[in-house]
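Fair warning: this is a prediction, and the values are worked out from it, not measured in the lab.
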Amino acid sequence: MKKRNQLAIGVMVSVLSVSTWVNAGKGEPGHGHDEHKAQKTGHHDDGGHHREGHHASGMDHGSVTGSPGKADEVNRTVKVVAGDDMRFVFSPNQFKAGETVKFLITNTGKLAHEFSIGTQKEHKAHGKMMRENPGIVHAGGGNSITVEPGKTGELIWQFSKAANIQAACNIPGHYEAGMHKSIKITP
């Protein structure tokens with residue numbers, strides 16, 4: 001029991017440390033934390049056990065690219081296919097600043113995939129956090145959502161300004177295998 005309590009305290013301290021690091025002096029919108037279920041998925045083996053945790057990354061709230069959109073303000077819907085070939089298939093990949101887009105992401109593979117919107121810098125930081133905390137699942141409501149095999153997830157995003165950004169999967173190894181796609185936001 002004592003070891004379990006020490007482990008739980010250690011995990012809480014680690015989460016708070018990551019949250020503090022992410023929030024400290026970043027000056028970018030969306031660097032906070034939110035509760036999400038963290039679970040091991042098909043390509044991670046822990047016997048299917050679930051654990052609750054905090055996802056302490058700017059990649060799940062907002063981003064310099066925009067903010068979570070509202071369903072009643074959606075300008076258009078874009079269907080996205082995420083597969084085990086480590087590619088996203090969707091069109092168009094150009095949107096206007098101020099536009100609110102509903103992305104319907106269908107996972108056709110056997111592995112879980114993440115659909116996350118951000119800059120390359122944001123994806124790099126988010127990927128590091130995902131490697132350090134394997135098994136985190138994004139419940140949506142921000143700029144990242146995890147979609148389990150054979151399922152469809154929804155992400156609503158309002159783009160804020162002209163930029164060249166990416167949709168990416170930051171599950172360890174997926175981004176590196178090419179699971180990212182350019183998105184252009186025009187004025």
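- Listed by chain and residue number, H113 satisfy the side chain to side chain donor-acceptor pair (under 3.5 Å) test with D84 (two or more places apart in sequence, or in another chain).
- Here the closest non-hydrogen pair linking A177 and M86 is CB-CG, 3.7 Å.
- With hydrogens and angles disregarded, no donor-acceptor distance shorter than 3.5 Å links the side chain of Q166 to the backbone of T119.
- Here V81 is tied into one hydrophobic group with V89, each link being a pair of ILVMFWY side chains closer than 4.5 Å.
- Put simply, I117 and I156 are part of two different groups of oily side chains (I, L, V, M, F, W, Y) that touch within less than 4.5 Å, one to the next.
- With 3.5 Å as the limit, one finds a donor-acceptor pair spanning the side chains of E114 and N170.
- To the nearest 0.5 Å, atom CZ of residue F90 and atom CD1 of residue I105 are 9.5 Å apart.
- Residues M179 and F88 form a side-chain contact, since some pair of their non-hydrogen atoms from C-beta on lies under 4.5 Å apart.
- N107 contributes a side-chain N or O that, together with a main-chain N or O of V147, makes up a donor-acceptor pair within less than 3.5 Å.
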Test side-chain contact (heavy atoms from CB on, under 4.5 Å) on F95 and I185 and set out the steps.
CA-CA 5 Å; F95 307 98; I185 311 304; 4.0 Å; yes
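- Taken to the nearest 0.5 Å, the CZ atom of R131 stands 12.5 Å off from the CD1 atom of I136.
- Between F115 and F103, the ring planes are tilted. Angles from 30° to 60° get that label.
- Taking 4.5 Å as the limit, every side-chain heavy atom of M130 sits out of range of all side-chain heavy atoms of H174.
- Taking a 6.0 Å sphere around CD of Q120, one finds it holds 12 or fewer heavy atoms contributed by other residues, nucleotides or ligands.
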Let me see the working for E122 and V64 under side-chain contact (heavy atoms from CB on, under 4.5 Å), right down to the final yes or no.
CA-CA 9 Å; E122 289 173 324; V64 296; 3.9 Å; yes
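- The closest donor-acceptor contact from the side chain of E132 to the backbone of M129 lies at 3.5 Å or more, if one exists at all.
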